[in-house]
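Read through the structure below, which is laid out as structure tokens, and then see the notes.
Count residues from 1 along the sequence. Everything quoted here is computed from the prediction, not taken from an experiment.
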Amino acid sequence: MRRNKTTRQPGDMSSMFGNLKSIPRTPFWLGLSGALPFAAGMIVYALGGVWVLDQDFAVRSTLAYGAVILSFLGGVRWGLALLMQFDEKRDARLALSILPSLLGWVALLMPHFPALVLLAMAFAAQGAWDAGDVADDGAPDWYATLRTVLTALVCSLLSVLAVLTIV
């Protein structure tokens, strides 16, 4: 199927998020399901707690999950770096791939609002890196679209939760 790039208008969602149909179903749905704990934390907090889950638990569990997912994304980058042929480039990518885990850990040590802001910024930076380096790092082309969509979703959820913690 041929796509005509000239028919896209500025602000068109298909140009912002790429071709969603290019993402295989399994990674797409697994990626979206991975955002559910972020949504659950935000909803539980917004409701003032649910059953035995209070607002503090909602934020702490969201922060912990965010740190875990950042570490996972750093691990993906580590794996891609291992496949690189040039030692200097590979070594630089390996060094950078540990930053998400470190930022997630730092977020766990901070008060709620700055921790949520740090996580949102770390996810945004990681998403930009992932989407921007797909071809260079050997990831499939659809990975950039997937990471853009998931980054927008996760950063939105973390940002709403951050705002709720200060309101």
Side-chain angles (χ1 to χ4, degrees), residues 16-18 20 23-83 90-134 137-140 142-167:
M16 182 185 309
F17 292 113
L20 291 175
I23 304 170
R25 284 183 171 205
T26 300
F28 181 74
W29 288 109
L30 288 174
L32 283 180
S33 67
L36 289 175
F38 293 107
M42 192 258 316
I43 291 167
V44 169
Y45 189 92
L47 293 174
V50 175
W51 193 45
V52 297
L53 308 177
D54 63 11
Q55 287 180 309
D56 183 63
F57 177 83
V59 176
R60 286 185 300 108
S61 63
T62 302
L63 289 171
Y65 184 70
V68 167
I69 295 303
L70 273 176
S71 291
F72 171 78
L73 293 172
V76 171
R77 298 305 305 204
W78 180 279
L80 290 172
L82 289 176
L83 300 175
R90 182 196 63 227
D91 292 347
R93 297 292 172 94
L94 287 172
L96 288 172
S97 71
I98 66 166
L99 290 178
S101 298
L102 294 174
L103 290 172
W105 172 68
V106 168
L108 291 175
L109 304 174
M110 300 172 74
H112 292 167
F113 177 76
L116 291 164
V117 171
L118 175 60
L119 282 183
M121 290 173 29
F123 274 101
Q126 184 68 43
W129 183 23
D130 290 344
D133 274 352
V134 165
D137 289 345
W142 54 261
Y143 188 64
T145 303
L146 177 65
R147 290 294 297 121
T148 301
V149 169
L150 295 177
T151 297
L153 177 59
V154 168
C155 288
S156 297
L157 292 167
L158 287 170
S159 297
V160 168
L161 182 54
V163 168
L164 290 173
T165 65
I166 59 171
V167 173

Item checked: For the student: nearest non-hydrogen atoms of Asp54 and Val44, plus distance -> O-CG1, 4.3 Å

Next item on the list: Mind running side-chain contact (heavy atoms from CB on, under 4.5 Å) on Leu153 and Leu157 for me, showing each step along the way?
Entry: CA-CA 6 Å; Leu153 177 59; Leu157 292 167; 4.0 Å; yes

Margin query: To check you understand the geometry: which heavy-atom pair defines the closest contact between Cys155 and Ala124, and what is its length?
Written below: SG-N, 3.6 Å

Item checked: Short side-chain to backbone donor-acceptor contact, Thr165 and Ala162, under 3.5 Å -> yes

Check: Just wondering, do Arg77 and Asp133 contact through their side chains at under 4.5 Å, heavy atoms?
Finding: yes

Margin query: Please check: side-chain N/O of Gln55 versus main-chain N/O of Gly49, any donor-acceptor pairing under 3.5 Å?
Written below: no

Item checked: Separation of Leu150 CG from Ile23 CD1 (nearest 0.5 Å) -> 7.5 Å

Next item on the list: Hey, could you give me the CG/OG distance between Leu103 and Ser71, rounded to the nearest 0.5 Å?
Entry: 10.0 Å

Item checked: Atom pair CD/CG of Gln126 and Leu99 - distance to nearest 0.5 Å -> 9.0 Å

Check: Would you find a donor on one side and an acceptor on the other, under 3.5 Å apart, between the side chain of Tyr143 and the backbone of Gly138?
Finding: no

Notebook entry, point to check: How long is the gap from CZ on Phe72 to CD1 on Ile69, to the nearest 0.5 Å?
Noted result: 7.0 Å

Margin query: His112 vs Asp56, test: side-chain contact (heavy atoms from CB on, under 4.5 Å). Steps then yes/no.
Written below: CA-CA 9 Å; His112 292 167; Asp56 183 63; 2.9 Å; yes

Notebook entry, point to check: Would you call Leu47 and Ile43 a side-chain contact if the rule is heavy atoms closer than 4.5 Å?
Noted result: yes

Next item on the list: Check Ala115 against Ala107 and note the closest heavy-atom contact, atom names and distance.
Entry: CB-O, 3.2 Å

Item checked: Contact summary for Pro27 and Trp142, nearest pair of heavy atoms -> CG-CH2, 3.6 Å

Notebook entry, point to check: If you look at every heavy atom in Gly104 and Leu119, which pair is closest and at what distance?
Noted result: CA-CD2, 4.3 Å

Next item on the list: Could I get the full list of side chain to side chain contact (heavy atoms under 4.5 Å, CB included) partners for Leu94, not counting sequence neighbours?
Entry: Trp78, Ala81, Leu82, Arg90, Asp91

Check: Mind checking whether Phe123 and Leu73 have side chains closer than 4.5 Å, heavy atoms only?
Finding: yes

Checklist line | Gap between atom OH of Tyr45 and atom CG of Leu53 - 0.5 Å precision | finding: 14.5 Å

Item checked: Spacing of Phe38 atom CZ and Leu36 atom CG [to the nearest 0.5 Å] -> 10.5 Å

Next item on the list: Apply the side-chain contact (heavy atoms from CB on, under 4.5 Å) test between Met42 and each candidate in Val163, Val59, Thr62, Leu164; give the one that qualifies.
Entry: Leu164

Item checked: Minimum heavy-atom distance Gly74-Pro100, with the two atoms named -> CA-CG, 3.9 Å

